[in-house]
Number of protein chains: 2
Amino acid sequence: MDICSYVILMKLRSVPVIPVNSEDTVVQLADMFRLMGDPTRLRIILVCLDDPISVGDIASRLALSPSLVSHHLRLLKAARVLRAKRHGKQIFYSALDDHVRCVISDMVAHVGEPLDAEEAD
Amino acid sequence: MDICSYVILMKLRSVPVIPVNSEDTVVQLADMFRLMGDPTRLRIILVCLDDPISVGDIASRLALSPSLVSHHLRLLKAARVLRAKRHGKQIFYSALDDHVRCVISDMVAHVGEPLDAEEAD
DNA sequence: ACAACATATGGACATCTGTTCATATGTGAT
DNA sequence: ATCACATATGAACAGATGTCCATATGTTGT
């Protein structure tokens with residue numbers, strides 16, 4: 001882990017580390033979030049979390065054109081969210097690591113949260 | 001937590017739950033991610049994670065116009081990422097709960113990850 | 001009341017982005 | 001080699017989005 005990520009991690013643990021000066025790391029983070037910020041792409045990610053699944057199966061299961069799915073898969077693979085593995089004619093996609101799973105899990109907890117006591121001002 | 005969120009959570013724990021049928025929950029999730037997917041907005045969120053901070057201070061610390069900051073804050077407040085509290089003329093923004101902190105922390109771990117052994121195909 | 005400050009809002013603009021269509025690449029079987 | 005199938009790629013378009021500018025709202029003073 002580089003120093004930039006470390007600084008942000010310290011911030012996240014509410015240690016008073018000064019400014020957000022790691023410009024490129026913030027951009028990297030934002031890129032990842034933006035990638036998950038499209039409903040279609042998020043659906044594709046969710047489908048791939050179960051088991052490795054082929055492009056065609058993703059398309060049919062989500063009622064999308066294979067072309068569109070492929071376009072999105074290219075971005076997700078480039079961002080190392082998913083990995084591709086060829087078996088014969090088909091190419092199976094699956095999650096590259098568990099971080100994305102954790103991120104989504106946390107986010108589900110956030111949106112699922114009802115109005116809590118802190119809401120009042 | 002509603003049934004839709006539950007289904008997704010089950011998926012995240014690799015329990016073989018079949019389709020992603022909770023359309024609106026996926027859209028909610030994507031909305032949150034999209035919100036964090038802009039570098040400027042993410043910077044604003046990061047600054048607000050430390051302590052409650054006024055709009056003007058956010059603007060000066062990030063070298064942005066107060067107008068732009070206000071526009072972004074409106075979205076973040078509406079999405080319940082941040083909360084606003086007025087003190088005199090100024091309005092202080094801070095994180096509404098710790099979920100966002102967790103989400104960012106996980107994402108930092110993801111982008112900070114070097115090429116791991118699983119990468120090979 | 002007014003002035004000064006802090007924040008919010010609305011419109012306009014350029015840019016980015018998701019989708020579609022057509023086409024290309026690659027693989028396995030006959 | 002040729003066909004059928006699976007996936008990938010490129011161009012083009014409509015719609016969304018971030019930023020700027022001007023202006024409005026709200027608050028604390030005098």
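So that the names make sense, note that chain A is the first sequence line, chain B the second, and so on, each numbered from 1. All values derive from a computational prediction rather than experimental measurement. Worth knowing before you read on, the calculation uses all heavy atoms, side chains too, and leaves out hydrogens, waters and symmetry mates.
Distance, A:Leu68 CG to C:dT17 P: 16 Å, rounded to whole Å. In this structure, the CG atom of B:Leu76 is 12 Å from the P atom of C:dA8, given to the nearest Å. The distance between atom CD of A:Gln90 and atom P of C:dT27, rounded to the nearest whole Å, is 14 Å. Computed from coordinates, the A:Arg74 CZ to C:dT17 C1' distance equals 13 Å when rounded to whole Å.
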Output a table of nitrogen or oxygen pairs between the protein and nucleotides 28-30 of chain C separated by less than 3.5 Å.
none

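The shortest side-chain heavy-atom distance between A:Met32 and A:Val81 falls under the 4.5 Å cut-off. Counting heavy atoms from C-beta outward, B:Leu35 and B:Leu76 have side chains that approach closer than 4.5 Å. Within the 4.5 Å cutoff, side-chain heavy atoms of A:His72 are placed close to those of A:Leu68. Residues A:Val47 and A:Tyr93 have side chains not in contact (no heavy-atom distance under 4.5 Å, counting atoms from C-beta outward). Counting heavy atoms from C-beta outward, B:Arg43 and A:Glu23 have side chains that approach closer than 4.5 Å. B:Leu42 places a side-chain heavy atom less than 4.5 Å from the side chain of B:Ile104. The shortest distance between side-chain heavy atoms of A:Leu64 and A:Ile58 does not fall below 4.5 Å.
Contacts between chain B and DNA chain D, taken as any atom within less than 4.0 angstrom of a protein heavy atom, begin and end at D:dT17 to D:dT28.
When heavy atoms are screened at a 4.0 angstrom cut-off, A:His71 is found touching base atoms of the nucleic acid. When heavy atoms are screened at a 4.0 angstrom cut-off, A:Tyr93 is found touching the sugar-phosphate backbone but no base atom.
Between B:Ser67 and B:Leu75, the one whose closest nucleotide on DNA chain D sits nearer the 5' end is B:Leu75. Along DNA chain C, the nucleotide nearest to A:Arg86 and the one nearest to A:Thr40 differ in position, and the one closer to the 5' end is contacted by A:Thr40. Comparing B:Gly56 and A:Arg41 along DNA chain C, the residue whose closest nucleotide (by nearest heavy atom) sits nearer the 5' end is B:Gly56.
Taking both residues in full, the closest heavy atoms of B:Asp97 and B:Val100 are given as OD1-N, 3.9 Å, listed atom of the first, atom of the second, then distance. What you find for B:Val55 and B:Pro66 is that their closest heavy atoms are CG1-O, 4.2 Å.
Taking the C1' atoms of five terminal pairs at each end of the helix from C:dA1-D:dT30 to C:dT30-D:dA1, the two resulting helix axes are inclined by 20°, rounded to 10°.
Between A:His99 and B:His110, the two ring planes are perpendicular [angle over 60°; tilted spans 30° to 60°].
Put simply, A:Arg34 has a side-chain N or O that comes within less than 4.0 Å of OP1 or OP2 on C:dT17.
A distance of 8.0 Å separates CG in A:Leu82 from CG in A:Leu49, rounded to the nearest 0.5 Å.
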